[in-house]
Protein chains: 2
Amino acid sequence: MPAREPPKRRSRAAEARPYHHGDLRRVLIDAALQLAAEGGEVSVREAARRAAVSPGAPFRHFPNRDALMAAVAEEAQRRFRVEIDAVLTQAPAGDPLARLRAFGLAYLRWAMRNPAHFEIISTGRYFAHGSSPGLTRDNAELIGLTERMLREAAALGLLRQGELKPIQIAARALVYGFARMNLDGHFPRWGVEEGEIETMAEAVIDVFISGIAKPKRGS
Amino acid sequence: MPAREPPKRRSRAAEARPYHHGDLRRVLIDAALQLAAEGGEVSVREAARRAAVSPGAPFRHFPNRDALMAAVAEEAQRRFRVEIDAVLTQAPAGDPLARLRAFGLAYLRWAMRNPAHFEIISTGRYFAHGSSPGLTRDNAELIGLTERMLREAAALGLLRQGELKPIQIAARALVYGFARMNLDGHFPRWGVEEGEIETMAEAVIDVFISGIAKPKRGS
DNA sequence: TCCGTTATGTAATCATCGATTACATTTGGC
DNA sequence: GCCAAATGTAATCGATGATTACATAACGGA
């Protein structure tokens, strides 16, 4: 809400809104993001309504609805990426499986806490998938990260099995599936406790990690 | 296309369609199902159009769009269930992990080959989730199946770990995630080979099963 | 400082969709 | 046969994405 100082050059005091919106593009993205977070359908008109602007105005900034949704997805992805990176920088550099675990945990934590945003990022239902090269590239980078971690783990002899590709796909499917099950209502309301589901996420990740890790002597 | 013999009692030869459609409800469900399979949005009007009927006619059979989509989902779920059951009846009764594997494989095979139907069943985005008790119950039964298999496996001492719930959730998340990754376009076109993705599905399931299974002596 | 070009928002309009209502026709039981 | 219920049609409404013509602000060069 703050920091939205419209540049009212001529200080005609009573004029509530200047003709030109301060940064409509930005405000529209935020409105759509918030709209998505509230769970309802995201319509261009509603976003315009929230920005107190005419229904046609958004199309000055986005050629069509898809473009707006793509921008929203990119913003959400950016926030997602920031959190992932933050977690990874303080994960133990020498233990690839611990890093993989931390990655998966951060991924799920964000997806649990920002379900609508995660949906927009991941689904390609809100806008034509692949219409945003930035999103695709960003996603590819994350996939590359997991690949590297698994290769490292294999090189250190930490894995029980040689074939890396199925393991990597399985890891992605597991995490993605958990996040989507949450989104798609496959978890019963599951207690009032908000954190309970995150605890389960952790347990699930541990099942997988310990499943691919070579068992330590004496266990 | 065949077997849609309208009951033209009075054989007024030139009358193309009788006023009353033979079984409009059924035809609408099929049309919507096919519409979904073609990937486009499923609109009531388009379904009506395909049934060669007025835009308002469907609402004589379904109170609203959701009800139609729920009926579609139930039909898709029925077909899904038939295939799963068929596979399970001829899976080895004594080996719960083999049964679990067969189950997962059948699940993914169907999801790969009927992506749109799977989406309708699983997502609750096409109609208010839980508006169909039959669907919910059916789903619960499948979940119960996996639970039973895992309990059996634990009883036979086939598992490496005692905690069943995380394993069960992980299994569901893995399979669901793989299916959804396919739906959501997370797999690059992945070769022209249609079967390649099913091969990968098998490998992924094997990674998981061998991860939770107690390693046999000498491996 | 003024003027004109460009960026940006508004107003009006269109087609599509889900949904409702009034009306028409067929069907089937009495 | 006849009448009520079932079923389809036509007309209509409000919301939406999208396009177009028009209005106004913003900005830079003369």
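The sequence lines fix the lettering, A, B, ..., with proteins before strands; numbering per chain opens at 1. For clarity, every value in this text was computed on a predicted model and none was experimentally measured.
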Is the shortest side-chain N to carboxylate O distance from [X] to [Y] below 4.0 Å?
X        : Y        : result
B:Arg101 : B:Glu202 : yes
A:Arg26  : A:Glu75  : yes
A:Glu119 : A:Arg180 : yes
A:Glu38  : A:Arg50  : yes

Distance, rounded to the nearest Å, where [X] contributes [atom1] and [N] contributes [atom2]:
X       : N      : atom1 : atom2 : result
A:Asp23 : C:dA7  : CG    : P     : 16 Å
B:Met69 : C:dG18 : CE    : P     : 10 Å
B:Arg25 : D:dG8  : CZ    : C1'   : 17 Å

Review point. Quick one: what's the B/S/- string for nucleotides 16-22 of chain D, heavy-atom cutoff under 4.0 Å, read 5' to 3'?
Key: BBBB-BB
**Study point:** Residues which pass side-chain contact (heavy atoms from CB on, under 4.5 Å) with B:Asn64, listed by chain and number, not counting sequence neighbours
**Key:**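 Counting only residues at least two positions away or on another chain, B:Asn64 forms a side-chain contact (heavy atoms from CB on, under 4.5 Å) with B:Asp66, B:Ala67.
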Exercise for review: Please test B:Val44 against B:Phe59 for side chain to side chain contact (heavy atoms under 4.5 Å, CB included), starting from the C-alpha separation and ending with a verdict.
Suggested key: CA-CA 9 Å; B:Val44 178; B:Phe59 293 94; 3.9 Å; yes
Practice item. Please determine if a side-chain N or O atom of B:His61 lies less than 4.0 Å away from the OP1 or OP2 oxygen of D:dG8. Key: yes
